[in-house]
Structures are given as C-alpha cells and as structure tokens.
Protein chains: 2
Amino acid sequence: MKLDDIDIRILEKLQENAMITAKELASEFALTTTPIYERIKKLQQSGIIKQYVALLDADLIGKSITVFINITIKDHHSEKRNEFVKRMEKLKEVVEFYHTSGSFDFLAKVRFSNIQEFRNFLVNELSSIHNISDIESQIVLEEIKYSTKIILDKTGL
Amino acid sequence: MKLDDIDIRILEKLQENAMITAKELASEFALTTTPIYERIKKLQQSGIIKQYVALLDADLIGKSITVFINITIKDHHSEKRNEFVKRMEKLKEVVEFYHTSGSFDFLAKVRFSNIQEFRNFLVNELSSIHNISDIESQIVLEEIKYSTKIILDKTGL
DNA sequence: TGTGAAAACTTATTTAT
DNA sequence: ATAAATAAGTTTTCACA
C-alpha cells in the first residue's frame, strides 16, 4: 500500500492517541470526516495498523521490575532451537523476545512485581528449559524512555 | 487506587483491544454500560491507563531494522550523565531507553529503514555525543514476540 | 455500586459532485 | 477522491434504587 502525506500524518496521530476522532483529524487536515474514515479503514485493512491497545503504568499496578535477559543456546539445530523458542514465548512474564546478533543469541524482556518473582523465574522457569548455555541479566534501574511510536518517513516506503 | 476483579479484567481487555465498546464489556461481565464507563474513567484519571495507541506493522512501513545498543559511559557524575541521557532520549530513532545494571550502563532500542540508516546513526548521531566509552550493538534478526500487555495479578497490588 | 432511560456525539452508509 | 446528509449505534449524564 502506498502512503501519501495525509496517511502518514494520520498514522503519526493515531500512534500518539488512538482515541482521536475522525472529526478532530478532519479539522486538522481541513477535510471532512468521510475521507479520514475511509483512509483509516484502508490502513487497518492493509495491516499497517495492527492493533489498538491501552498502555498501562507498570509502577501503579505493581509491576515495577523489568529485566532484559540475554541468552545463548548450546544447540542451534532447528528442532532444538524451535523447542527453546516455543518454551520461551509461552512464558507470560516474557513480554518481548528477539533473536539477535552479537555475543548472545536471544534477548528477552521480562516483567515482575518484585525481585523474588524474578528469582523464582530464573530458578523455576528458565532453569527448566533445555538447551540454554549462558544467561546474562540486565535489570532495568530506570525506564528513561518508552514509546511504541514508529517515526514514518518517505525513505522506507 | 485499589483494583477489584472487574477492573483487572477490564484492563486485560483494553490492553488487547482498546476499541472494545463499553457495551461489549458490559455484556461480558453481566453489567450495564454505566459502571463499565465509570470504571474506565477512574482507571484513566488515576493514571493506570496512561495512553491509547495504534500499533503499526514496522515491516509494512519499511522500518524493519531494529537494534539494541548497549552503551557504557565514562563519567557518571550527574551533570555529564544527564547531558548524555538528554541527548540520547531526544534522538527520534531511539524508541526505548533504559538505565540498566550489568556490564553496560544503558540500553537503547532503535529503529531504522535499512542498514545504511543504522550506519549513519552510529557515525553521525552517536559519535557526536560525548561521554560514551563503549558501544555494543545487537541487531534484531527476528522479532519473535512483541507485546505491550502487562499481566495483572493480585501479587503486586 | 449499580440500573435504565434520555441527550449528545460519533461512526458508517448513501447519494451526489 | 471528497462533500453533505442521514441512519445506526455508542458514549455520557442523570435520576433513582
């Protein structure tokens, strides 16, 4: 799908505030609600807009421990690797999981209510998963910036 | 703010789909729209619901390169440290930025359209920031799981 | 805290340019 | 591709249990 300037500006706005009305967008772009509504519908149908979500304040709901866990595995053959990946992504504490280049193979972002929960995760959950050769945890001391917004430019389109 | 079971279930739903109507939630919980509406309003006012956002498909808009950059700084004194932090969080490519424990001091998640853009970021943006002693990049080869959803349990409340 | 109904507003269609 | 009008549905408020 090809995006024009108006599409890009709509996406910028919706990434900041999904509840903005077609009417508000219309007045910003000097249009009526119909074209805005049609454009948003197309952006959803094309899959560019994947999902609308509410973001919560982790501290206020008592999930204030975030840890990035770097993991290397022993056996990279697809069967054993896939088994490891499946076990990892199923864990509810794992909110993000990546296959990465560098000195470790995988990076997981995990969230806990407290350090005890993190300890239990290491001792009970991770230790029961086979094929792990090395683990290195980076505890988040401060979340300085967190955004889900992707900056759109003409470069990639 | 104290959360009861209904609040927790509302938050679960809104984290998956912010566009669910009060009516749909009401019928799931055998309530009318008014109490649902009032509960959501309180969750917003208390700050537990921080924001509603649209999540985009990074590949479809040509932002398919994600990199985690680990950084250590030379001088940890507050003035020089703060200057570094300010410079980093201002960069539009940096979507997440954390102060972490472990062998590096900071972790940044950055997004690019292509490897050239990443290279330019390293050569032009990062290199112009003072106080950096070491950088280690982990390029994301595959995003296996990405979720903004925080699992709520009674533990942390 | 919750119900039910009414008012205000938004969305989604239709018709026309 | 957009405008204007409209029908359908949702949010929001309010009196009351």
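Scope of the values below: all heavy atoms of this structure, side chains included, with no hydrogens, waters or symmetry mates. Letters A, B, ... mirror the listed sequences (proteins, then strands); counts begin at 1.
- Nearest nucleotide to the A:Leu31 side chain, out of C:dT1, D:dA3, C:dG2: D:dA3.
- For B:Lys23 and C:dT10, the NZ to C1' distance is 14 Å, given to the nearest whole Å.
- Dashed line: the shortest gap from a side-chain N or O of A:Lys41 to OP1 or OP2 of C:dT11 is not under 4.0 Å.
- We find that CD1 of A:Ile36 is positioned 9 Å from P of D:dT2, with the value rounded to whole Å.
- Here the C1' atom of nucleotide D:dT12 and the NZ atom of B:Lys42 are 16 Å apart, to the nearest Å.
- Nearest nucleotide to the A:Thr32 side chain, out of D:dA4, D:dT13, D:dT10: D:dA4.
- Atom CG in B:Leu43 sits about 11 Å away from atom P in C:dT1, given to the nearest Å.
- OP1 and OP2 of C:dT11 both lie 4.0 Å or more from every side-chain N or O belonging to A:Tyr37.
- Aromatic ring centres of B:Phe106 and B:Phe97 lie closer together than 6.0 Å.
- For A:Phe68 and B:Tyr98, the ring centers are positioned less than 6.0 Å apart.
- In this structure, the CD1 atom of B:Ile20 is 15 Å from the C1' atom of D:dT11, given to the nearest Å.
- Among the heavy atoms of the strands, none lies under 4.0 Å from A:Thr33.
- Within the nucleic acid shown, A:Pro35 comes within 4.0 Å of sugar-phosphate atoms alone, with no base atom in reach, counting heavy atoms only.
- Shown here are the side chain to side chain contact (heavy atoms under 4.5 Å, CB included) partners of A:Ser27, two or more places apart in sequence or in another chain: there are none.
- Residue-to-nucleotide contacts include a donor-acceptor pair under 3.5 Å from the side chain of B:Thr34 to the base of C:dG4.
- Rounding to whole angstrom units, CD1 of residue B:Ile40 and C1' of D:dT12 are separated by 12 Å.
- Checked against the 6.0 Å centroid threshold, B:Tyr52 and A:Tyr52 do not count as a close aromatic pair.
- The distance between atom CD1 of B:Ile10 and atom P of C:dG2, rounded to the nearest whole Å, is 9 Å.
- The residue among A:Met19 and B:Arg39 whose nearest nucleotide of DNA chain C is located toward the 5' end is B:Arg39.
- For B:Lys2 and C:dT1, the NZ to C1' distance is 14 Å, given to the nearest whole Å.
- Closest of all the heavy-atom pairs between A:Asp153 and B:Ser113 is OD1-OG, 3.8 Å.
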